[in-house]
Amino acid sequence: MTYAQRNAIITILQQHRSDDLQRAYIAFTGMSDAQMNEQYGESGKTRNEIIEGYTKHNGELEDLIQAVALVRC
């Protein structure tokens with residue numbers, strides 16, 4: 001793998017991150033614990049589950065970015 005290929009992969013992974021987690025935090029600011037554990041809209045998930053999902057997704061992407069960054073070129 002060349003440096004350019006590694007950097008391209010990292011860039012693609014970084015672009016795959018979204019602002020969904022930030023938007024969820026903003027949307028759910030001020031909610032009580034009870035509200036956070038209620039289903040949100042028609043998503044089939046609670047607000048807490050939504051935040052957990054976005055947090056997990058971002059963590060997985062960060063792990064991939066770090067793994068690719070360690071690849072020797």
Side-chain angles (χ1 to χ4, degrees):
M1 176 182 305
T2 67
Y3 285 111
Q5 290 170 324
R6 182 181 71 182
N7 291 340
I9 292 168
I10 290 171
T11 298
I12 290 167
L13 290 169
Q14 288 171 334
Q15 291 172 343
H16 190 61
R17 284 187 287 203
S18 70
D19 64 346
D20 290 337
L21 180 59
Q22 289 176 306
R23 289 186 302 116
Y25 276 128
I26 291 168
F28 303 154
T29 297
M31 301 261 174
S32 68
D33 288 341
Q35 290 172 312
M36 291 299 290
N37 288 313
E38 291 175 353
Q39 180 174 317
Y40 180 68
E42 296 180 20
S43 68
K45 297 179 181 179
T46 68
R47 291 170 177 90
N48 278 327
E49 290 170 334
I50 291 169
I51 287 176
E52 288 170 9
Y54 291 146
T55 300
K56 180 181 176 188
H57 175 76
N58 285 353
E60 290 169 347
L61 283 173
E62 188 57 36
D63 290 346
L64 286 170
I65 290 167
Q66 293 303 317
V68 171
L70 294 174
V71 171
R72 287 187 164 186
C73 298

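Because only heavy atoms are used, hydrogens play no part in the values below, and waters and symmetry mates are left out as well, while side chains stay in. Numbers for residues simply follow the sequence, beginning at 1. As the structure is a computational prediction, the values presented were derived from the model and not from experiment.
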(message) Hydrophobic clusters here meaning ILVMFWY residues chained together by side-chain heavy-atom distances under 4.5 Å, can you tell me if L21 and L61 are in one?
(response) no

For T46 and N37 the tightest heavy-atom approach is CG2-O, 3.1 Å

Looking only at heavy atoms, the pair that brings Q35 and M31 closest together is OE1-CA, 3.3 Å

Is it the case that over 12 heavy atoms from other parts of the model lie below 6.0 angstrom from the CZ atom of F28? yes

Show me the donor-acceptor pairs within less than 3.5 Å that the side chains of residues 6-16 make with the rest of the protein, sequence neighbours left out.
unit_1, atom_1, unit_2, atom_2, d
R6, NH1, A69, O, 3.4
R6, NH1, V71, O, 3.0
N7, ND2, Y3, O, 3.4
T11, OG1, N7, O, 2.9

| message | Between E52 and K45, does any side-chain N to carboxylate O distance fall below 4.0 Å? | response | no

Stepwise side chain to side chain contact (heavy atoms under 4.5 Å, CB included) check, D20 with H57: CA-CA 10 Å; D20 290 337; H57 175 76; over 6 Å; no

Check whether any side-chain heavy atom of I65 sits under 4.5 Å from a side-chain heavy atom of R17, and report yes or no.
yes

Here the gap from D19 atom CG to Y54 atom OH, rounded to the nearest 0.5 Å, amounts to 9.5 Å

inquiry  = Has S43 got a side-chain atom pairing as donor or acceptor with Q39's backbone, closer than 3.5 angstrom?
reply    = no

Value for CG (N48) from CD (E38), rounded to nearest 0.5 Å, stands at 11.0 Å

Rounded to the nearest 0.5 Å, the CG atom of N58 sits from the CG atom of D63 at a distance of 11.0 Å

